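In what follows, a structure is listed as structure tokens, so that the remarks can point back to it.
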Amino acid sequence: MPQIKVRLKPRKELSYSAGVSLLDICREHEDSCDSVIAALVNGKERDLTSSLESDSEVAFLNFTDEQGARIYRHSTSHVLAQAVKRLYPDAKLGIGPAIENGFYYDFEFPEPISAEDLDKIEAEMKRIIAEKLPIRRREISREEALELFRQKGETYKCELIAELPDNEPISIYEQGEFVDLCAGPHLPDTGKIGAFKLTGLAGAYWRGDERNPMLQRIYGTSFPTAEQLERHLELLEEAKKRDHRKLGRELDLFSLHEEGPGFPFFHHNGMIIIEELISFWRREHRRAGYEEIRTPIILNRKLWEHSGHWDHFRENMYFTKIDGEDYAVKPMNCPGAMLVYRSRMHSYRDLPRRIAELGLVHRHELSGTLHGLLRVRSFTQDDAHIFMTPDQIESEVAGVIDMIDRFYRVFGFNYRVELSTRPAKAIGSIEMWNRAESILERVLQARGLPYRINEGEGAFYGPKIDFHLEDCLGRSWQCGTIQLDFQMPSLFDLSYIGPDGQKHCPVVIHRVIYGAIERFLALLIEHYGGAFPAWLAPQQAVVIPITERQHLYAAEVYEALRGANFRVYVDDRSEKVGYKIREAQLKKIPYMLVLGEREAAAKQVAVRHREEGDLGPCSLDNFIARLREEIEEKK
RNA sequence: GCCGACGUAGCUCAAUGGCAGAGCAGCUGACUUGUAAUCAGCAGGUUACCAGUUCAAGUCUGGUCGUCGGCUCCA
């Protein structure tokens, strides 16, 4: 038996005879071999049950490694599938991957199951785990695989096998009587799964396509210990307290009504935040050389036919009739901006022309996708269209990326970047698309921004760079976007006169920073958990007189703060201080100013901060200076 | 749109097919209070809506509307 060298990370050099199993190496060299899930062999994920035939670099994976956790949960999804097959032998298997924080498995049941059935399935899963079934990998030929799953009636698996690339080995994993098509790797046996829970039941189209049959998806999660599982479930509960729908009601920011599904109502408190966001936005845009326009909400159908929206976006649009003619409620602002550009002649010296618009658009989204303020049917885009010459594209795109980064930084948002490419319903030539896509890619690479490619998710008129933010449950939502457009300008016959005295067609960037004000507000609410920084807080301070004897002084303090342009009110109800403070805390007001005999006598205010607590007395002027600085610096 | 769940007072939640209730919020009054809930009283409902079964429906059945969780993070 030839000897092989094994470099065990972090730094061990070992020698074994070829054919040694990873499990053996693990038992010998890992202190807590029980917690090892799988291994990376020369960077590739492998089962612990597999063996080494040549010199290798090995790193063992634990649950604390992201890859390890995914494998652990993927194995749990197989246990779920096995349990389902035991209880419902006629159920057909879909796919069952690990996802962030858990896993799912899709099934087609002969009769739909309901949420109560999950208990039964969980019980069976526990049995399978107690059986400690060894999990074995086997590579088989395409023909064998097809035959195996055809026999079992697993039509979805057969479909997957047929689509696997020729050069890829086909592997199956067996545990007890259960077998699944799977690339792996997996835990060595089912007994390794500590704590798990099935968390949800949902419908899911096979392969996410609504033309395919709908399967039932069971969601779950698993952890090595019950404590970790419990902690995870508690974290989810905590996160729900930050839900913008709950906080929106509690803080009186907005409301949603049956009378207008998907059409949010903003209350005074919500409007204050929106107004602050907008005035910040206006200041930054003026500084960055933007103009601002406003175009109509309802425009003639002919315009939408002309722009391509009639052909490509009609299902999402609302229509109406005026004087016997068809009109549409705008789903996008671009045609309006095109008309503004076209309303006068342009020289190349005028470009780039950056035209911004806070445009209220309406889109008919599927009823089932509506979600608080995060997915609505009417929203305000902080839109802009940049008209420019072709050689200005890169610097303008870079400028917008800078601007988005600057904005998101103010709020402390982490974001993810995606590049979306040509969709099925696209207008314009393939060459144009390729050119546009490569320009966007080049700018991203030049900036060293990590990004993901979203095949086929671009707008119908051009590719785009999207900026995604996360909500309280980690779901990601597109906010900022930069879309490159070579089509719309020529459709609208836009032009500028070049240095050569000839007419040329400009290129357009469509872009938003917040995206939709409504969605951005929702994410802000969750991001801050409702405790907005002073510059955004609907009420920045509350004046709390202790008894009626301080009401006069309270009015004085109130007037001074109002005079300094702060949002403030007096709580002069006949309640105890503790009661008023508790209420102000629940309303997440940044500052509470308690006024008693001492403060009134010394003309001071006793400052309490919602997070820092009692800060003691200080002069009114000092407090005003403190709050003013906090607001100006958007702390 | 599709799959599943849910819909009772402003909010959070009770009520075996048998008189719709509690806490908080609201209103009135008393209390004059020193850093997260003072006490008492009052008021608040076509149980989402529309049909049906039943002596009797918040509860059972059907439909409509709305809300929530999902609908590739590819074996």
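Naming: A, B, ... by sequence-line order, numbering from 1 per chain. Note that the coordinates shown come from a computational prediction; the quantities given were computed from them, not determined experimentally.
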query = With respect to the side chain of A:R582, which nucleotide from B:rA37, B:rU38, B:rG4 is positioned closest?
reply = B:rA37

query = Per the atom types in the model, does the base of B:rG1 pair as donor or acceptor with the side chain of A:E365 at under 3.5 Å?
reply = no

query = OP1, OP2 of B:rC73 versus side-chain N and O of A:R416: anything below 4.0 Å?
reply = no

ask   = Base, sugar-phosphate, or nothing: which does A:G260 touch, judged by heavy atoms less than 4.0 Å apart?
value = nothing

remark   = Rounded to whole Å, CE of A:M592 lies from P of B:rA37 at a distance of 13 Å

key: Of the listed nucleotides B:rU12, B:rC74, B:rU33, the one nearest the side chain of A:R249   = B:rU12

inquiry  = Please pick, from B:rA5, B:rG34, B:rG70, the nucleotide with the shortest atom-to-atom distance to any side-chain atom of A:Y219.
reply    = B:rG70

ask   = Hey, does A:I95 reach any base, or is it just sugar-phosphate, or nothing, if we go heavy atoms under 4.0 Å?
value = sugar-phosphate

ask   = What pair of heavy atoms forms the shortest contact from A:I129 to A:I193, and how long is it?
value = CG2-O, 3.4 Å

ask   = Should A:S367 be listed as having a side-chain N or O under 4.0 Å from OP1 or OP2 of B:rG1?
value = yes

ask   = Can you find a side chain N or O atom of A:Y579 that sits less than 4.0 Å from OP1 or OP2 on B:rU32?
value = no

ask   = Less than 4.0 Å between a side-chain N and a carboxylate O, is that true for A:R242 and A:E526?
value = no

inquiry  = What is the separation between atom CZ on A:R573 and atom P on B:rG26, rounded to the nearest whole Å?
reply    = 7 Å

request  = Considering only atom C1', compute the distance from B:rG10 to B:rU59 and round it to an integer number of Å.
outcome  = 25 Å

ask   = Which part of the nucleic acid does A:I544 contact within heavy-atom distance under 4.0 Å: base, sugar-phosphate only, or nothing?
value = nothing

task = Consider the side chain of A:R207, meaning its heavy atoms from C-beta on, and name the nucleotide among B:rG4, B:rC74, B:rC68 that approaches it most closely.
result = B:rC74

request  = Under 4.0 Å between any heavy atoms, over every strand shown, what does A:E455 touch: base, sugar-phosphate, or nothing? Just pick one.
outcome  = nothing

request  = Answer with base, sugar-phosphate or nothing: what part of the nucleic acid does A:E250 contact at a heavy-atom distance below 4.0 Å?
outcome  = nothing

task = Give A:P545 one of three labels, base, sugar-phosphate or nothing, depending on what nucleic acid heavy atoms sit under 4.0 Å from its own.
result = nothing

query = For B:rG69, does OP1 or OP2 lie under 4.0 Å from any side-chain N or O of A:H371?
reply = yes

key: CZ-OG1 distance between A:F223 and A:T76, expressed to the nearest 0.5 angstrom   = 10.5 Å

note = Which of B:rA36, B:rU33, B:rC3 is nearest the side chain of A:M214? It is B:rC3

request  = Looking at every strand, decide which applies to A:R475 at a 4.0 Å heavy-atom threshold: base, sugar-phosphate, or nothing.
outcome  = sugar-phosphate

ask   = Okay, side chain of A:E144, backbone of A:S141: is any donor-acceptor separation there less than 3.5 Å?
value = yes

Step-by-step ring pair (Phe, Tyr, Trp, His ring centres under 6.0 Å) determination, A:Y415 to A:F413 = CA-CA 6 Å; A:Y415 59 88; A:F413 273 127; 9.3 Å; no

query = Touch check for A:A202, heavy atoms < 4.0 angstrom, all strands: base, sugar-phosphate only, or nothing?
reply = base

inquiry  = Could you tell me how far apart A:K240 (NZ) and B:rU67 (P) are, to the nearest whole angstrom?
reply    = 19 Å

ask   = For A:E583, which contact category applies under a 4.0 Å heavy-atom criterion: base, sugar-phosphate, or nothing?
value = nothing

key: A:F103 ring center within less than 6.0 Å of A:Y105 ring center   = no

request  = Specify the separation, in whole Å, of atom CZ of A:R217 and atom P of B:rC3.
outcome  = 16 Å

inquiry  = Base, sugar-phosphate or nothing for A:A606? Non-hydrogen atoms, less than 4.0 Å.
reply    = base

query = Among B:rU35, B:rC65, B:rU33, which nucleotide sits nearest the side chain of A:E258?
reply = B:rC65

request  = Could you check which of B:rG4, B:rG66, B:rU35 has an atom nearest any side-chain atom of A:P261?
outcome  = B:rG66

request  = Could you check which nucleotide pairs with B:rA9 in any of the strands shown, counting Watson-Crick or G-U wobble with both distances under 3.5 Å?
outcome  = none

inquiry  = Between A:Y156 and B:rU72, is there a contact of a side-chain N or O with OP1 or OP2 at under 4.0 Å?
reply    = no

task = Would you classify A:A183 as touching base, sugar-phosphate or nothing, given that sugar-phosphate means primed atoms plus P, OP1 and OP2, and contacts are heavy atoms under 4.0 Å?
result = base

ask   = When the distance from CD of A:E575 to P of B:rU32 is rounded to whole Å, what number comes out?
value = 13 Å

query = How close or far is atom P of B:rC74 from atom CG of A:N454, stated in whole angstroms?
reply = 12 Å

ask   = Looking across every strand, which nucleic acid part, if any, lies under 4.0 Å from A:V577 by heavy atom: base, sugar-phosphate, or nothing?
value = sugar-phosphate

task = Quick one: label A:G368 by what it contacts on the DNA or RNA (base, sugar-phosphate, nothing), any heavy atom closer than 4.0 Å.
result = base

query = With the threshold set at 4.0 Å, does a side-chain nitrogen-carboxylate oxygen contact exist between A:E159 and A:K92?
reply = no

Whole-Å distance separating the CD atom of A:Q216 from the C1' atom of B:rC2 = 12 Å

remark   = Between the CG atom in A:L201 and the CZ atom in A:F107, the distance rounded to the nearest 0.5 Å is 10.5 Å

inquiry  = Under 4.0 Å, heavy atoms only, any strand: does A:K157 hit a base, just the sugar-phosphate, or nothing?
reply    = sugar-phosphate

ask   = With no angle test and no hydrogens, is the base of B:rG1 tied to the side chain of A:Y205 by a donor-acceptor pair under 3.5 Å?
value = yes

Selected nucleotide, minimal atom distance to A:S574 side chain, candidates B:rC71, B:rG34, B:rU32 = B:rU32

task = Report yes if a side-chain nitrogen or oxygen of A:R549 is closer than 4.0 Å to either non-bridging phosphate oxygen (OP1 or OP2) of B:rU32; otherwise report no.
result = no

ask   = Counting side-chain heavy atoms from C-beta on, which of B:rA5, B:rG34, B:rG1 comes nearest to A:E599?
value = B:rG34

